[in-house]
Amino acid sequence: MRSTRPRRRLLLATLGVAVASGIALGVAGLWGEGAVAAEPLVATSVCEAHALKARKAEDPSLEIEIPPNFDMPWPTRAACLSHEAALDPNTPGPVQPIPFSHKHHAGLYGVDCQYCHSGTDRSPAAGVPAVETCMGCHSLFPPSYDELSGIRTLKEYWERKQSIPWIQIHRLPEYVQFRHNRHLEAGVDCQACHGAVQDMDKVHLVPDTHWWPWLLPTQKLEMGWCINCHRQNGASQDCLTCHY
Amino acid sequence: MPELDRRDFLKLVGVGAGGAAAAGCSDHVEKLIPYVVQPEVITPGMPVFYASTCRECPAACGLHVRTREGRPIKLEGNPDHPVNRGALCGRGQASIGRTYHPDRFRKPQRRGAAGALEDVSWKEATAALAAKIAERPGGTWVLGGATGPSLSDLIDRFVGAVGAGGRLVYEPLSHDALREASRAVFGAAGLPIFDLSGADYVVDLGADCFETWLSPIEHQRQVLEARDLASAEGRAARMVYVGPRLSMTAGNADEWLPAKAGSEGLVALALANVALARRQAAGQPVGGDAGLLAALLAPYTPEKVAEPTGVDAAALRRVGEQLALAKRPVALPPGPGLASSRAVAASAAALILDAVLGAVGRSVGLPPETPATPEPANLAALEALVAAMNAGRVSVLLIHDSNPVYSLPPQLGFRDALAKVGLVVAFASGPDETTELAGLVLPDHTPLESWGDASSRPGVRGVVQPTIRPLFDTQAFGDVLLDTARAMGDAVGAKLPQGSFRGVVEASWGGSFDAVLARGGSFAPAPLRGGAVQAGAAKLAFRVPELVGEGEHALYAPPSPLLYDGRGAALPWLQETPDPVTKISWQSWLELSHASAEALGVEAGDVVAIETPAGRAEAIAFPRGGIRDDVVALAVGQGHSVGLYASHQNDGRPGEARGASAIALLPSVRDEAGGRAWLVSKARITRTGGHARLALMQKSDNKRGRQLGDAVALAALEGDAHASGHAGPHEVRRPFAAAADATDGSAYRWGMTIDVDKCTGCSACTIACSIENNIPTVGEEQVVRSRLMSWLRIERWIGDGTQELRAGRPPYDDHEQLGRIDVRNSPMLCQQCGAAPCEPVCPVLATYHAPEGLNGMIYNRCIGTRYCSNNCPYKVRRFNWFDYAIHNWPDPMPLMLNPDVTVRCQGVMEKCTFCVQRIDLARQTAKNEGRPIADGEVTPACAQTCPSHAIVFGNLRDEGSAAVRTAEAGGVRAYHALHTLNTRPSISYLARVIRDPSSRIDEDGGHAEAGHHANAMTPSQEGTA
Amino acid sequence: MPTLLGVYERPDQVAEVATRLRARGYTDLETYSPAPFAEVDDAVDEKPSRVRVFTLIGGLTGVVTGYAMTIWMANDWPIMLGGKPFSSIPPYTIIGFELTILFGGLLTVLGLFLVGGLPSLHRDKAYSPRFSAEEFGVAVRCQDRDVSEVDALLRGHGAEEVSLVEA
Amino acid sequence: MTPPPPEAVAAMIRPAPRRPDSRINRDILSVMEGASLGYWVLLASAVLMVHVAGAIWIYQVYEGLGIAGYVHPVFWGVYIVTFVFWVGIAHAGTLISAILYLFRAKWRNAINRSAEAMTVFAVLTAAQFLGIHVGRIWKSYFILPYPNQRALWVNFKSPLLWDTFAISTYATISAVFLYIGMIPDLAIARDRAVGWRKVLYGALALGWQGTSRHWKAHTRSVLHLSGLATPLVLSVHSVVSWDFAMALVPGWHTTIFGPYFVAGAIFSGFAMVLTMMIPVRRIFGLEEYITDYHLENMSRFLLLTSIIVGYAYASEYFMAWYSGVEAEQTSFWMRAFGPYWISTWIMILCNAVFPQILWFKRVRTHVPTLFVLSVLVNVGMWFERYVIIITGLSREYNPSTWGIYTPSWYELGILAGSFAFFSMFFLVFLKLFPVIAIAEMKELAIHEKAHRQGGAH
């Protein structure tokens, strides 16, 4: 949240400029002779540059001006947009310490889940990527990416050699012994439990309800929900499989 | 320490549910804390093993440390290590707790003007120390426990470099007498090495070689392998115990000669006398100049010795002859507890007996010429140090790896002398009596955090490597020495190795250090050195010692099997595990014979006062049959006044001593050569009128003839056992086919075979189980109400018991008799019954029969009606009366919890499930490799750590599995506990074998049982008794 | 239509007068008694009460539910317990029995309400607290022209008092 | 002749003088009127004690069951003992109203109402102890076979589940029984009450008018309920006894437990009725309705059941000895001479020996003695359960775990609370509802009168 406010102000400012110049134009027209040349829209960041270019593409009449230091491909438009989306508190799911978008990484660039969550196929616990893993790629990125607050935060953590306190979304009680590796072995794909993460900018629990015959419905990650899947796939229903 | 960066990853991070500190019924894992840099060797959720070495006692067993996410969670024996071969004793198991002990010092501290400790930084601490030493280098002394060669070496170099006054190695149980005796008899000072493998006749002259003496695990393994019934030699093997008290070790012998305390030497000589004659007649070598020996032994005929020792001459003669005829006999000298003012002579006598029996060089090895570490100081040297301190000649005293204020006899005056020392520096990881008096406390790493090594014997050297990044702001003693030296200037610093102590350790190993780390050390035991009896031996005066003080009882202070010399008192598991003999925990009790008790008019639980010239203490009286009338026994180890568990602090009464310290009662007396003597004083026992509720976990050793801890006479086995080595044609006497009790489809039916004949009662399994399964300790008050939580207990039965009934409220039931041994130690744990009585009565299906035959217990389903426990005839279920998980694991203890096992919350029943988490792990690997679980792939914590391999776990549906084969090899010994109840247990017990001590050995060495043992019953007879 | 009320002291009188009245065709009558008297009730209507049907139905549903529930639940997720069969009848009989009683009892109450017409908010004009003391009442509804005959009949059987509660 | 016009007839009618209300009504309803200071003191202290016990219980839930005196292996203690005790008490009521009803034992009418009420209150008290006893009360809903998301049911093979069903059924049926039987009396009260009581009784009486239709349905349903309740009474305590008989604990695993417990239950039930009714009839002057004849009949029952119970004790010991099973023998020997010998002898004296004095009519009709005796029997019956449960568990198959249990003060506090809870309800009941079945008393009275007058003709 903290990092988003300045960007908001930036946008407001731009809009303000735009409106003001519009009015100015109108007034000039009113007074007839010697119409003043329209003030062009000036980009103040790469992301904004992308935004303006897009608008320009829509109506060519628009006067825009992109300072050269903002006229570059990185961060890509997609990055800017998903970064924005991951910061939006009004979509489901908590805002994470870093606006990391699974949609961007897993969806757009199709990074394999196991690339970051390594060891999931070997270990009961799904690995949460070490900060190093993130830096593995992001340290190679051009510095212009730093205009994204998320990248900046990441680098701060890295410099402070601190781990990132992610907020856990998919949580099982401590008395449940879940084994990721066995489920991968069995060919269950991540989405079965975690939902279509590759389409989420902000990861959140996708509600999924199974209606038992004769019984109360069971929600995702509740016991009945697991049992249902186990029954359908002929997996073990022995209590000791998950509870000991 | 730059080198440590390689191990930076050993930091405390729980991943997901990795930190299973939350109680089983609340789920409080809300943040995911990933690594900053994830080490290549760590996969969150998977265990990583490191080889290291146990530092609890000088035996120095090899360890495999199981870590999860950089936290050690379980210690197991290193199978490659020649001393323990994968086993580990209770003390070793519990030692993991030192690292997570709530008492630990968080920072270095200095005693301020007010006398209170205040934090300082390492920098100023070392600076201050350096300055203080520089004032008067000669006044600097180092006093500390036995260390590994490289640290010991470093200390010596430090002493040399700063020109310190000197260094004393201090071990309370230092075996001074034995070291001297070895010099006197063989001319080689130091600790002889005892290798009991294959020994077919062991005479333990009060060594208690299964408990604390030299290398207990090794001795247990060797003796019990030697008496394995599978071989003729095994059936022939015998063990005789000589001593005033039926100790745990004695309980495993075949014959007990209850000699007067301190007279073991004479017994040894008498045996030697008989054996010598017999061997000479047979023309066998006698390990020395026959004439010399004959002259030396002549006066000690059994008849003469009978009176002073109180042992029947005939018995002495018989044992002597059996010894002479045995193939590999060996005698073990008296242990520290029996070291009297005549201890050197007594130990020498034992060594002479060994020599006569030709055991020297075969079972007994002379000490190496050049010991890896200096010999410990004897009492004389310590007295000299105290004198120097009193004279103000000691300005700086560095105390490491020891607690002399507690473990030195008070009469020595060490405590007062400390006050006269300019600066006392204590290197300890936690508070104890010594740190209380130290001016500077420089917290040391625990062994799990530090580098080092340890040498069990020539050729065997284990490495100690850190398996966790230091939890607190502590430093290894070695590094502090280096830093101090450097702080004293380059002149001094240059004389010591550069870099850190790790460098010193690494440098001390030739070749690849990584290979060493992988294996856990270098294991090439040197062959035993032989030797002959020297003429000097004749100069020794063999006499029964005279004791100081008055009173009609000799005060015998044996080391505690669990608390050792008292260092174990800080660990709750060792405090809470019932004593293998009396089954008392947390308290200190005075053992006295029933006759003495009647004479004093005391009953079990009455508080009695013990008075000796050294002082007075109070303890709880515990009358028993297994002790001489002229002796009272008070185990060493209790009586600490500092520490959360060691003292009564946890009752909110900080600093009140828990129990009585035997050491405080012992006058400071030397043996012939200035060694420390323990059996020195008489004690006057008086009743105080007080009474205490005993924390007694087994109130009766009378099994009433019920089918628990059976026994069979060897005679009854002979024919059958001859016929078959192992799986023979005869089928096992198996009341029920437990293998059937799993679903038809299942390939497995987990089961166990427990050999009662091999169980020594050492209780290592109990502690291993507690640590593997996150079982909390509950404290004294709860144990008094029998609310101990351990899933596995060792039941101790004496004989088949009687069905006599006592009216009223018997305090406890005791059937021991002087000179008679029929102890059956029978581990009792959940039998995983096929027709389990506990299952049908649970209203909510919290306990049920799993497809693979386990009796599952689902904690989060349990609502605590406790019906299952009522219906369990074995009484192996435990109930969480309080939220032990929250109350009994203060920080940082939760870090040592096993993430694979749910922590149980208040109001929930719990019990053993054969370490189902281990079964599950094995199943996962097997599945991934697309194969069934192999035999021996799963080993529950108890079976894994058992020094004598009494517990064998396996799949009953696999006829070839070790468990089944062992049960079948057991032949008629196999039985099920309480089988008349038709619970179809999956555990087969093998009955204890009673080897008739009076069995004659004929010339060819084979044994023929003389008569049927009075106590022997076959299980079948017994069930209906 | 007028309603006459005769007040009596003894149940046998009520029984007689009721039988008599019905014999004369005055079937629309009602008795009030302070305590249960079989003769009175049968005099008004000799058919046995239908409550028993309810009890029977209740009991049967109970036993069926009991066995069905236990057996189905035990087999819905079969879990081994001490080597006992999943559908073991003896223990389930207890559940079956208890439910028989429970349902039977509850339906009996239902029967009482339906058959007995309870609870009712309506209060007869003829009813008065004296009938919850120790007196009996017989209320007859008849045609105007029959009033005197009924009156006579009522008095004829020793009515302490006859009154016209409704003209 | 043409009949006279109705108004003429009406004119002819001269209403007779009103007679006063029935004496039975007045006597019995008067119990409900006004309350003495003593009553309020009693009630207040009962309520207070209930609160104290409640506080203890909350503390126990917060701190853990460990505050009770449990010792390994004695995992059942005073709570279960008291549970069984109250279930036993609950038996007299239904027995009197159902079985004696079927046997047409008219003398029951004097006491059945209070007995039924006590039944309901006793079951309520007992049921609470199931909750107090379990380790995780907050999870105890697991025991109900309700459709749940876990797809997991309950274990109908467990005696504890049989208990759950038996107790709840018993509570429901006896409550229904009490209410149905009371409807006519509520109507009586309604016709005489004023103010809020009139509203209350009016609502509860369901517009009862005592018409033949009402009575017919009523008598019929009471008959059927009795028919259903009779086997229920016998089953409930058998089921409770199976909690023990189904286990293999020596001293529990006995076939005679069913009848033995039922007899004991009736025994204690009647004792409790006496303990409660003797003071009541004295204080409210109901000697005329609850006569010495009734007391004598009840004491006859006491005598009978006491003999049965005594026989059960004897046969238990005989079987233990004769079976030759060492564990059984030890267990029973320990009962009599072991750590719990006091409880055992209290049990034997109070339940099997003292009641024998009831052979003498002098005793049966001597009210103070009866009262003392009934109290003793209650004590004895509590100890019977204590002996069975505690000694059984403390001396089991594995001698290494033999342990000795002593109740803690918390448990005794809750035990006291249960008595307060019970009497609180009974006291309220006294002032709110007719303590004797008025209608049924009248039935008797009117029959008698009819007899005196020898019928009309």
Side-chain angles (χ1 to χ4, degrees), chain B residues 25 697-706 708 782 785-788 793 795-797 801 803 805-810 813 828 837 840-846 848 861-867 869-875 877-883 905-909 977-978 981 1025, chain D residues 61 63-76 130 133-143 152-161 163-164 243 246-249 252 325-327 329-330 333-334 337-341 389 392-393 396-405:
Chain B
C25 312
M697 274 314 291
Q698 184 177 342
K699 297 181 181 58
S700 167
D701 59 16
N702 174 7
K703 78 192 188 80
R704 317 186 62 81
R706 299 176 186 179
L708 302 153
Q782 293 292 301
R785 304 168 117 189
S786 312
R787 289 179 181 176
L788 194 79
R793 63 172 185 269
E795 291 177 347
R796 181 173 183 268
W797 305 112
Q803 295 180 6
L805 296 152
R806 288 199 207 160
R809 184 184 275 229
D813 223 2
M828 180 51 75
V841 297
C842 175
V844 294
L845 302 162
Y848 76 107
R861 176 70 173 173
C862 176
I863 62 172
T865 67
R866 310 191 287 292
Y867 201 166
S869 174
N870 288 353
N871 220 21
C872 171
Y874 308 98
K875 289 283 167 284
R877 290 173 160 270
R878 301 291 172 174
F879 190 72
N880 289 270
W881 296 107
F882 295 107
D883 231 327
C905 76
Q906 162 195 338
V908 169
M909 189 66 69
L978 297 175
L981 295 176
Chain D
V61 171
E63 196 56 42
L65 267 177
I67 66 166
Y70 294 109
V71 164
H72 188 85
V74 184
F75 278 7
W76 283 3
L130 292 174
H133 158 83
V134 297
R136 293 204 297 165
I137 178 79
W138 54 92
K139 290 281 182 195
S140 48
Y141 62 85
F142 280 168
I143 209 171
L152 189 55
W153 299 111
V154 295
N155 173 15
F156 288 106
K157 299 186 185 82
S158 164
L160 291 183
L161 213 70
D163 260 2
T164 323
D243 285 351
M246 292 294 155
L248 46 63
V249 178
W252 286 14
V325 180
E326 184 268 332
Q329 290 172 337
T330 310
W333 192 90
M334 286 291 181
F337 311 106
Y340 295 103
W341 61 274
I389 293 173
L393 290 173
E396 261 219 55
Y397 286 109
N398 189 335
S400 76
T401 61
W402 284 4
I404 291 173
Y405 160 94

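In this text the structure is predicted, and so the values were computed from the model without any measurement. Numbered from 1 within each chain, the chains take letters A, B, ... in sequence-line order.
Between chain D and the options B:R796, B:M697, B:M828, B:R878, heavy-atom pairs under 4.5 Å are most frequent for B:R878. Note: B:R861 leads B:M909, B:E795, B:R861 in heavy-atom pairs under 4.5 Å with chain D. The most heavy-atom pairs under 4.5 Å with chain B, out of D:D163, D:T164, D:L248, come from D:L248. When the candidates D:A327, D:G392, D:S140 are compared by the number of heavy-atom contacts under 4.5 Å with chain B, D:A327 comes out ahead. Between chain D and the residues B:S700, B:S869, B:A977, the most heavy-atom pairs under 4.5 angstrom are made by B:S869. In terms of heavy-atom pairs under 4.5 Å with chain B, the best-connected choice from D:D243, D:L130, D:L161 is D:D243. Contact tally against chain D (heavy-atom pairs below 4.5 Å) for B:G864, B:C872, B:A846: the top residue is B:G864.
Residue contact with chain D, scored on non-hydrogen atoms closer than 4.5 Å, involves the side chain of B:L978 exclusively. The parts of D:Y70 that come within reach of chain B are both its backbone and its side chain, each placing non-hydrogen atoms under 4.5 angstrom from that chain. Heavy-atom distances place the backbone of D:A68, and not its side chain, under 4.5 Å from chain B. Residue D:I67 touches chain B through both its backbone and its side chain, counting heavy-atom pairs closer than 4.5 Å. No part of B:D701 comes within reach of chain D, as not one of its non-hydrogen atoms sits under 4.5 angstrom from that chain.
The closest side-chain donor-acceptor pair between B:K699 and D:T401, if any, does not fall under 3.5 angstrom. Side-chain contact, D:H133 with B:R866: a donor N or O sits under 3.5 Å from an acceptor N or O.
Ring planes of D:F337 and D:W333: tilted class, angle from 30 to 60°.
Nearest heavy-atom pair across D:V74 and D:G403 is CG2-O, 4.1 Å. Contact between D:F75 and D:L393 at its shortest, heavy atoms only, is N-CD1, 4.1 Å. The minimum heavy-atom distance between B:W881 and B:R787, with the atom names listed, is CD1-CD, 3.3 Å.
Aromatic pair D:W252/D:W76: ring centres closer than 6.0 Å.
At least one side-chain heavy atom of B:P837 sits under 4.5 Å from a side-chain heavy atom of B:P873.
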